[in-house]
Amino acid sequence: MTGPPATRHIPPFFEGIAMHAYRTHTCGELRKVHVGSRVRLSGWVNRRRDHGGLLFVDLRDHYGITQCVIEPEATAFATVDKARSEWVLTLTGTVVARTEDTINKDLPTGEVELRIEEASVQGMALELPLPVFGDLDYPEDVRLKYRFLDLRRERLHKNITLRSKVISSIRRRMIEQGFTEFQTPILTASSPEGARDFLVPSRIHPGKFYALPQAPQQFKQLIMVAGFDRYFQIAPCFRDEDARADRSPGEFYQLDLEMSFVTQDDVFAAVEPVLHGVFEEFSEGRSVSPAPFPRIPYDVSMLKYGVDKPDLRNPIIIADVSSVFDREDVVFKAFKGKTVRAIPAPGAATQPRSFFDKLNDWARTDMGAPGLGYVVFENEGGALAGKGPIAKFIPPAALAEMAAKADVKTGDALFFSADTKRDRAAALAGQARIRIGRELGLVKEGEFKFCWIVDFPMYEWNEDEKKIDFSHNPFSMPQFDREKFLALDPVDRATIEGIKAYQYDIVCNGIELSSGAIRNHDPDVMLKAFEIAGYAREETEQKFAGMLNAFRYGAPPHGGTAPGIDRIVMLIAGVENLREVTMFPMNQQAQDLMMNAPNEASLKQLRELHIRVVLPEAK
RNA sequence: GGGGGCGUAGCUCAGUUGGUUAGAGUGACGGCCUGUCACGCCGUAGGUCGCGGGUUCGAGCCCCGUCGCUCCCGCCA
């Protein structure tokens with residue numbers, strides 16, 4: 001029912017030669033041309049319809065569904081009659097044409113049916129904990145425990161098949177672009193930055209541990225040092241962090257890639273045709289951003305969209321109106337001296353009061369903000385007039401300036417996000433933009449809108465620990481003169497916080513597909529970069545010994561990125577949850593309910609690994 | 001670690017203000033039916049209302065606790 005009906009990988013059947021033990025055709029294959037042939041099908045009972053004098057069985061396999069029919073007088077009747085949903089049967093019989101009035105147009109095989117002459121049961125099924133037939137929602141734990149049944153269902157079967165096709169398409173396109181696929185180790189060393197590692201104890205080296213790779217980051221850079229020029233891999237990555245709907249617990253796959261002797265634009269030029277091509281191939285009528293994708297500097301994105309992963313299907317653009325509230329003729333004290341961001345709500349003047357109240361409540365309760373002020377722009381005697389609780393504080397001249405800055409007109413509204421901290425004002429505005437866009441139905445479906453976010457800051461100030469942190473990827477090359485960078489004083493916060501990196505994200509419809517960078521391949525600059533983030537030279541030397549050492553033997557300039565496979569497939573499949581495109585996913589608590597993992601280890605195993613388990617004390 | 005939602009038959013759900021014996025659909029089982037394709041009709045079985053405690057004459061419903069699932073925040077260089 002889900003695969004291509006034309007495809008089959010079973011020996012052909014010739015009259016006079018013994019019939020294949022299980023099937024001569026797939027359940028998606030039979031057509032009018034087969035009428036009169038004696039054939040054999042194997043598959044699952046999708047549906048059974050008993051008419052007393054006539055019994056229909058819809059037999060299903062990977063390729064489709066074929067209706068099979070038998071009458072009580074037939075010798076095989078007893079066997080077919082006892083079969084229930086999801087039993088596995090082998091049915092042999094003659095293909096017959098259906099009469100005009102019994103043709104099923106919804107079924108590719110609907111012009112014919114199999115008149116059953118022989119039947120055998122290959123596998124029985126207990127009463128189902130999860131019906132395969134139908135398209136209802138079921139509890140996640142039941143679905144996961146009986147994943148093999150869930151996977152038989154049409155939607156999931158189709159998604160998983162789609163995933164495979166997307167991966168093959170990616171692989172083909174990468175190879176066409178001159179990339180070579182290599183595998184990198186799964187058992188490797190712990191990486192000190194970033195996510196929590198999964199550790200694997202060493203039997204041979206008591207007290208020592210391997211770590212599963214969070215990403216093949218260092219390996220792919222070493223592959224460049226080794227002179228392989230263009231590498232890619234559909235790479236498994238392991239991170240021991242909590243899950244989200246679009247973030248698997250434990251493990252996920254990336255299209256990991258790296259290139260030598262490239263600038264940022266070269267990486268974009270290599271990735272764009274691959275992503276555009278894959279999305280176009282599976283778009284089914286949805287539009288895909290043409291290459292080159294827009295490039296948006298991080299600072300601009302934070303201002304205009306309030307996030308570093310903007311959904312460009314949403315037409316709302318945020319404006320900074322701090323200066324308007326600082327005007328002397330504007331007497332609204334609550335916003336004075338703060339960063340004020342204005343979020344346009346096109347056409348919102350016709351919205352009921354509850355629309356505004358609901359957004360205000362959301363800002364207060366969900367976002368912990370003091371509120372979301374607003375002004376509605378109306379026409380009063382040919383002039384622009386403000387309406388709403390705070391409109392009286394804003395005289396016409398200021399209102400006009402605001403309208404110009406935020407590009408709003410009569411009939412629109414403006415919401416305000418204000419905070420003493422610029423980042424917080426931007427973040428609330430970003431969330432409000434998403435909500436307003438959705439509430440007003442402004443986000444167009446049926447489009448894939450890509451963009452690159454570029455020029456990420458290299459560092460950020462960590463207020464809690466009073467220190468400078470890497471803001472994203474510590475291996476990125478700073479956009480800074482080499483000699484001046486090496487001479488930087490780590491306490492020169494103003495300069496350091498202004499440094500951008502050759503670091504970029506690719507975003508589609510508000511979902512971050514990957515981040516990437518032109519790497520820092522200069523050992524001195526790397527040591528300095530880590531020194532600024534508070535790592536002593538010896539520490540950096542030790543933690544990244546392999547990579548630093550390699551960089552001292554002739555390292556090419558290189559860069560890359562790593563789009564998430566799961567998220568790409570989610571977007572293409574149009575689903576909100578990773579479990580819909582992952583064959584055997586874990587639940588939110590990082591458990592595999594089908595295989596019962598994680599599980600206790602035996603004492604023998606622990607002893608071999610020199611491990612003693614110390615459980616947390618019960619509360 | 002924190003916050004929200006959900007938990008009633010194998011499965012999907014309903015269950016009024018706290019009031020008699022907790023219902024429906026689907027699946028299972030049995031019977032009838034020769035053209036259905038979500039076949040139809042009749043019947044039967046199936047319940048620790050997640051678990052524990054409390055309030056009450058009386059709790060699926062209210063309160064407290066707890067467990068499970070899920071979504072979000074933290075976290076994810």
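In the text below, chain A, chain B and the rest are named by the order of the sequence lines, each starting its count at 1.
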Who pairs with rA14(B) - Watson-Crick or G-U, where each distance is under 3.5 Å: none
Between CD1 on residue Ile234(A) and OH on residue Tyr253(A), distance to nearest 0.5 Å: 10.0 Å
Arg49(A) side-chain proximity, nearest of rC75(B), rC39(B), rU70(B): rC39(B)
Check: rC37(B) base within 3.5 Å donor-acceptor of Asp106(A) side chain: no
Interatomic distance at C1', rU26(B) relative to rA45(B), whole Å: 15 Å
Residue Arg579(A), side-chain heavy atoms: nucleotide from rC76(B), rC37(B), rU70(B) that is nearest: rU70(B)
Any Asn577(A) side-chain N or O less than 4.0 Å from OP1/OP2 of rC71(B): yes
Whole-Å C1' distance, rG25(B) and rA38(B): 12 Å
Leu55(A) CG to rG40(B) P, straight-line distance once rounded to whole Å: 15 Å
Under 4.0 angstrom between Gln591(A) side-chain N/O and rG68(B) OP1 or OP2: no
Atom of Thr561(A), atom of Ser514(A) and distance for their closest heavy-atom approach: OG1-OG, 2.9 Å
Pi stacking test for His51(A) and rC33(B): under 5.5 Å apart, planes under 30°: no
Between C1' of rA9(B) and CG of Leu128(A), the distance in whole Å: 16 Å
Phe544(A) and Phe530(A) aromatic ring geometry - parallel, tilted or perpendicular at 30°/60° bounds: tilted
Touch class at under 4.0 angstrom, heavy-atom based, for Glu140(A) against every strand present: sugar-phosphate
Minimal non-hydrogen separation, Cys27(A) against Gly64(A), with atom names: CB-O, 3.3 Å
No-H, no-angle donor-acceptor pair, Arg244(A) side chain to rG74(B) base, under 3.5 Å: yes
Gap in Å between the two P atoms, one belonging to rC57(B) and one to rC49(B), rounded: 23 Å
Proximity to the side chain of Arg84(A) - top-ranked nucleotide from rC76(B), rC29(B), rU70(B): rC29(B)
C1' gap between rG1(B) and rA59(B), integer Å: 34 Å
Protein-nucleotide distance (Tyr138(A), atom OH; rU26(B), atom P), rounded to Å: 13 Å
Identity of whatever pairs with rC33(B) - Watson-Crick or G-U, under 3.5 angstrom: none
Polar side-chain contact Arg115(A)-rG35(B) base: donor and acceptor under 3.5 Å: yes
Closest-nucleotide 5' rank along RNA chain B - winner of Gln67(A) and Arg48(A): Gln67(A)
Sugar-phosphate only, base, or nothing, as touched by Gln589(A) at under 4.0 Å among non-hydrogen atoms: sugar-phosphate
Between C1' of rC37(B) and CG of Leu59(A), the distance in whole Å: 14 Å
Partner nucleotide of rC57(B) by Watson-Crick or wobble geometry (both distances under 3.5 Å): rG19(B)
Spacing of the P atoms in rG50(B) and rG10(B) (rounded, Å): 13 Å
Distance, P atom - from rC61(B) to rU8(B), rounded to whole angstrom: 13 Å
Check: rC76(B) base within 3.5 Å donor-acceptor of Arg247(A) side chain: yes
Nucleotide nearest Arg47(A) when distance is taken to its side chain, options rG35(B), rA38(B), rC75(B): rA38(B)
Euclidean distance for C1', rC63(B) against rC71(B) (whole angstrom): 26 Å
Within 6.0 angstrom of Lys358(A) NZ, more than 12 heavy atoms from elsewhere: no
Residue from Arg48(A), Arg47(A), Arg49(A) passing salt bridge (charged side-chain N to carboxylate O under 4.0 Å, His left out) with Asp58(A): Arg49(A)
Nearest-neighbour nucleotide for the Phe56(A) side chain, rG35(B), rC69(B), rC76(B) considered: rG35(B)
Nearest-neighbour nucleotide for the Thr102(A) side chain, rG1(B), rC11(B), rU36(B) considered: rU36(B)
Asp101(A) CG - rG35(B) P separation (whole Å): 11 Å
Rounded distance in Å - CZ (Arg143(A)) to C1' (rG10(B)): 17 Å
Side chains of Tyr231(A) and Asp256(A), donor plus acceptor under 3.5 Å: yes
Quiz item: Asp141(A) side-chain donor-acceptor pair to rG68(B) base, under 3.5 Å: no
Nearest-angstrom distance from the residue atom CG of Leu593(A) to P of rU70(B): 8 Å
Which residue lies more 5' along RNA chain B, comparing Asp58(A) with Ala245(A) via nearest heavy atoms: Asp58(A)
Intermediate values then yes/no, side-chain contact (heavy atoms from CB on, under 4.5 Å), Arg60(A) and Phe133(A): CA-CA 11 Å; Arg60(A) 182 197 74 237; Phe133(A) 177 81; over 6 Å; no
Nearest-Å distance once atom P is located in both rU70(B) and rC13(B): 16 Å
Gap between atoms CG and C1', on Asn587(A) and rG7(B) respectively (whole Å): 16 Å
Quiz item: Arg98(A) side-chain donor-acceptor pair to rC37(B) base, under 3.5 Å: yes
Distance below 4.0 Å between Gln588(A) side-chain N/O and rC71(B) OP1 or OP2: yes
